Amino acid sequence: MERIRTPKIENVRVLDRFYHWQNRNAMESTTPSTGTLYLTPTHLIFVNPVEKRETWVLLGHIGSVDRLSMAVGGSPLQIRCKTFLSLILVIPKDRDSQELYAALLRLAQPATYEELYCFSYNPPEESFDRTSGWNIFDLQSEYQRIGVPNQHWVLSKMNQHYEVCDTYPQFLYVPSSATPKILLGSAGFRSRGRLPVLSYLYPKTNAAICRCSQPLSGFSARCEEDEEMLNCILRSTPESKTVFIIDTRPRINAMANRATGKGYETEANYVGMKVQFFSIENIHVMRSGLQKLVEVCDLKTGSEDLSLPSHSTFLSGLQATGWLKHIRSILDASLFIAEKITEGHSVLVHCSDGWDRTAQTCSLACLFLDPYYRTLHGFMALIEKEWLAFGHKFSDRAGHLRPVFGNGGVSPAITPSSAVNMVIDTSREQSPVFAQFLDCVWQLLCQKPYAFQFNERFLLVLHDHLYSCQFGTFIGNNEKERRDLKLSERTYSLWGYMKRHLNEYLNPLYDPERCRLTPLLFPDISAQQLRLWVTLYSRFEEGVHPREPLLDTVTSLIDHSSALEDHALYLERRIALLKEMLANPPHHRRNPLVTVTANGAGMSSPHGSLSSISMGSSMNWDDYPNASVIIKSVALDWKPIRYVRYCVCSTPFSQFTVKYHCWKCGDVVCRRCTDTHAPLIGLYSNKPVPVCQLCYERSRVSPIKEKNATFAEKSDKLQKSQKTEKVP
Ligand SMILES: [Zn+2]
Ligand SMILES: [Zn+2]
C-alpha cells in the first residue's frame with residue numbers, strides 16, 4: 001500500500017440524502033454536517049464528533065469521483081459508490097481537494113491485483129481462519145449431486161491444464177459419445193474455445209442444460225465436429241428428438257456478429273436443432289441502463305433542496321432507463337430454458353462469449369428447477385459453478401482494476417495535476433451483469449418468499465462484496481487466473497466470512513417442506529409483478545424505506561418468543577420441583593422466595609444444591625437461586641428495534657445493519673456487542689444465548705459452580721432420587 005499525502009483534512013462539510021432525511025425527521029436544522037475526513041489505504045472515513053456520526057466508505061466501492069464547481073466554503077467533490085451511496089464533500093482548501101481527488105482515483109482502482117484490499121486484509125483474530133470457505137465447494141461433487149457422470153455424460157480431462165479453453169474449469173462434463181476429435185473440433189469452432197459442455201442435468205427428465213459461446217460461423221462457415229457435437233448432446237437425451245439452441249441475444253445482434261466471423265447456428269446445418277433468440281441486451285446497454293438508473297434514484301427537486309423528485313419525474317425517469325425491461329428479458333430467457341428442460345428437451349445456451357448472459361440465464365434456470373440452489377449453501381455452490389468456474393469476468397465487470405492503456409502495459413501515474421482530466425474508468429468492460437442476476441433472484445424472493453432459505457440481506461452482502469475486494473472470492477476473471485494469483489492461499493474467502501454470520505441471512509419465511517412438495521419455482525414475469533429493488537438502488541435514502549425491515553421484525557419476534565417459551569418451561573419445572581420439596585421438606589427450611597443467594601446477577605446458573613439433593617442427602621433452600629433473581633435473569637420485554645439509532649457502544653445503526661437483542665436485559669445492540677453468548681439461569685435449555693457486553697461482564701462476577709449439567713438434567717436426577725427415596 002502506498003503512502004497517502006493527505007491522510008487528514010479538518011472542517012470538511014458533508015452533504016448526503018441520508019443525513020438530510022435524518023435531520024428532517026428529527027426536525028433539526030438541515031445545515032450540512034461538519035467534521036474531519038481521514039483517508040486510509042482502504043477507507044475514506046468522515047467523523048463528526050458533535051453528532052457522533054461516522055461514515056466509512058470502502059475505497060473499492062467508489063465508482064466515480066467528480067470535482068464540482070467551487071462553492072461557498074470550499075471545493076466540492078462528489079463521490080458515487082457502486083453500492084449506491086452518494087455524497088458531496090466540501091473541502092475548505094482547493095489544494096487539499098485536488099490531492100484527495102488524485103489519491104481517490106489512484107486507490108479506488110489500483111493498477112495491479114497485488115494492490116487490492118484482499119491481499120492486505122486481516123480479519124480480527126478469532127473471527128475465522130484463512131482456509132475457511134476455500135474448500136467447501138468442489139465442482140466434481142456438485143456434478144455428483146446431480147448424478148453425473150453416468151452412461152450419457154462423462155468427465156473429460158482434456159482441459160486439465162486449461163489447454164483447450166483457458167476461461168473454462170479444469171474438469172468438463174461432456175456427452176459420452178463425443179470423441180476427443182469432436183470435442184477439439186467443436187472447441188476450435190467456438191469463440192475463445194468455449195465448446196458446449198454440461199452445466200446441469202435435470203433428474204426427472206434427464207434433459208441437460210449445456211452452455212458454450214457463439215460459433216465462428218461468419219456468413220457460411222461450417223464445422224463437421226461442431227455439428228456432430230450437438231448431435232452427441234441430442235443422443236445423450238434419448239427421450240427427446242430436439243435440442244433447443246438458445247441464443248440469448250437479440251437476433252439483430254447475432255446477425256451483426258456474422259460480419260466479424262462469428263454469429264449463430266444455421267438450423268439447416270444442425271439436424272434436430274431449433275434455434276431460439278431472446279432479447280437480452282449486451283454489457284454496454286446494461287451499463288448505461290444502470291448509469292441512468294443511478295441518476296433517477298439520485299433525482300432531486302432542486303440543487304439546494306434534497307427532497308425526493310415528483311412522482312411523474314421519477315416514474316418517467318425509471319421507464320427511460322429500461323431497467324425493468326432488462327430484468328424481464330433475463331427472466332424470460334431463463335424461464336424458457338427451465339420450461340424446455342421440464343418438457344424433456346436438452347438446451348444449449350450461449351450469447352457472444354458465453355460468460356455474461358449465458359451465466360445469468362443458466363444459473364436462473366437452475367434456481368427455478370432445483371430447490372437446493374435456493375438454500376444458502378446451494379446458492380453459493382451455484383455461484384461457484386455457473387459464475388466462478390465457467391469464467392464470468394468478475395474483475396473486469398466490477399472494474400476492480402484500472403484498465404491498462406497502450407502497449408507498455410503500465411497505467412500512467414496519477415498526480416494532482418494529471419488527475420484533472422481523469423475519471424475512474426467505467427467504460428468498455430464494466431457492466432452490472434452479476435448485480436442483474438441478484439436483482440432477478442430478488443424478484444423471485446419477493447414472489448415466493450417461502451422458497452428461499454436466505455433473505456434479502458444475503459443478496460445485498462453478496463452485491464457489496466462483488467466490489468469490496470476485501471475477499472479473494474470475486475477477484476480475477478476465471479479459474480485459471482485465480483489459481484495463478486494463489487488467492488486461496490493469500491486471501492480470505494467470502495464464504496468463510498459468511499459462514500460466520502449465517503443467522504443474519506436466514507429467511508424466517510422459508511418452508512423447506514413446501515419446497516420438497518413443489519420443487520419447481522416458475523416466476524410471474526408480467527410487468528405488474530416486476531419491481532424496482534429500492535433496498536439496493538436507493539439504499540441510502542432513508543426517507544423511502546420502511547421504519548424497519550419486516551423480516552427483521554419477524555426474526556426478532558421468533559427469537560423473543562423462543563426466549564419466553566424457554567423461560568416459561570424453566571418456571572413450570574421449578575414450580576413442580578417446589579411442590580415436590582414441600583411434600584418432602586428439606587432440613588433447614590426457609591422461604592425460597594425471599595432468600596438472596598450469592599448468584600446475584602442471575603446468570604451462569606450454579607443450580608446449586610440440585611446435585612446434593614439428587615444424592616438423596618440434605619436438601620437446603622439456601623442453595624436455590626432466589627425466585628426474583630430467576631425472573632430478572634431473562635428479559636420479558638424486548639425493546640422494539642424501531643427508532644433505535646445507536647447501540648450502547650455508540651455504533652450507529654443504519655437502515656440495514658442487523659439489530660440484536662440481549663436476552664438478559666432486552667436492549668437492542670449491534671453484532672459486535674452480542675458476540676458473547678452465555679447461559680441464563682432462568683432458561684430451561686441452559687443453552688448459551690446472546691447477551692450484551694454489560695450483562696456478560698456482570699455475570700462473570702458470579703461463581704459458576706456447575707458448568708456442565710443443565711437444569712433439565714438436574715431436575716430429572718432429582719425426581720429420580722426422590723422416587724427412590726419414596727420407595728425404601
Ligand atoms: Zn444486556
Ligand atoms: Zn454495539
Side-chain angles (χ1 to χ4, degrees), residues 18 22 43 45-56 58 123-128 457 461 497 500-505 542 547-549 552-553 555-568 570-571 599-606 625-626 628-704:
F18 182 76
Q22 275 205 332
H43 288 84
I45 307 159
F46 174 75
V47 181
N48 179 328
V50 181
E51 294 162 17
K52 286 193 196 163
R53 180 166 174 263
E54 284 180 15
T55 307
W56 286 62
L58 196 58
E125 277 176 61
E126 92 271 343
S127 57
F128 68 110
R457 180 173 287 113
V461 171
Y497 165 82
R500 291 265 311 162
H501 307 290
L502 283 186
N503 59 331
E504 291 182 15
Y505 311 131
E542 205 192 35
R547 203 171 39 194
E548 63 269 322
D552 280 2
T553 313
T555 304
S556 153
L557 284 173
I558 291 172
D559 286 348
H560 191 191
S561 60
S562 87
L564 292 177
E565 277 165 19
D566 202 341
H567 186 43
Y570 178 95
L571 294 175
N599 186 28
M603 204 151 77
S604 305
S605 156
N626 179 277
S628 68
V629 170
I630 291 165
I631 287 164
K632 278 184 201 156
S633 79
V634 179
L636 298 185
D637 291 322
W638 278 14
K639 207 168 161 185
I641 58 176
R642 81 180 68 136
Y643 302 133
V644 182
R645 289 215 197 137
Y646 296 95
C647 172
V648 282
C649 72
S650 74
T651 301
F653 287 124
S654 81
Q655 178 73 21
F656 301 99
T657 42
V658 189
K659 293 169 186 162
Y660 291 89
H661 279 95
C662 168
W663 285 37
K664 176 155 167 55
C665 67
D667 218 335
V668 178
V669 282
C670 71
R671 178 208 280 169
R672 210 174 46 195
C673 289
T674 47
D675 261 355
T676 44
H677 280 51
L680 301 182
I681 189 175
L683 294 180
Y684 181 73
S685 66
N686 206 39
K687 64 178 182 196
V689 296
V691 286
C692 70
Q693 294 273 317
L694 196 68
C695 291
Y696 185 76
E697 291 304 323
R698 276 186 196 152
S699 79
R700 296 177 64 176
V701 182
S702 63
I704 303 170

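Just so it is clear, the model here is predicted, and its values are computed rather than measured. Just so you know, ligand 1 is whichever comes first in the structure, and atom 1 is the first atom listed for that ligand.
Side-chain polar atoms of Tyr570 and Glu565 form no donor-acceptor pair below 3.5 angstrom.
Take the Zn ion (ligand 1) as the corner point: the lines to SG of Cys695 and to SG of Cys665 open at 110°, to the nearest 10 degrees.
Of all protein atoms, those that are N, O or S and lie under 2.8 Å from the Zn ion (ligand 2) total 4.
Aromatic rings of Tyr497 and His501 (six-membered ring for Trp) have centroids within the 6.0 Å cut-off, being under it.
The backbone N or O of Pro549 lies less than 3.5 Å from a partner atom in the side chain of Thr553, making a donor-acceptor pair.
Using bins of under 30°, 30° to 60° and over 60° for the plane-to-plane angle, the ring pair Trp663/Trp638 lands in the tilted bin.
Remark: His567 pairs with no residue by the ring pair (Phe, Tyr, Trp, His ring centres under 6.0 Å) rule, at least two apart or across chains.
In this structure, the separation between OG on Ser562 and NZ on Lys687 is 5.0 Å, given to the nearest 0.5 Å.
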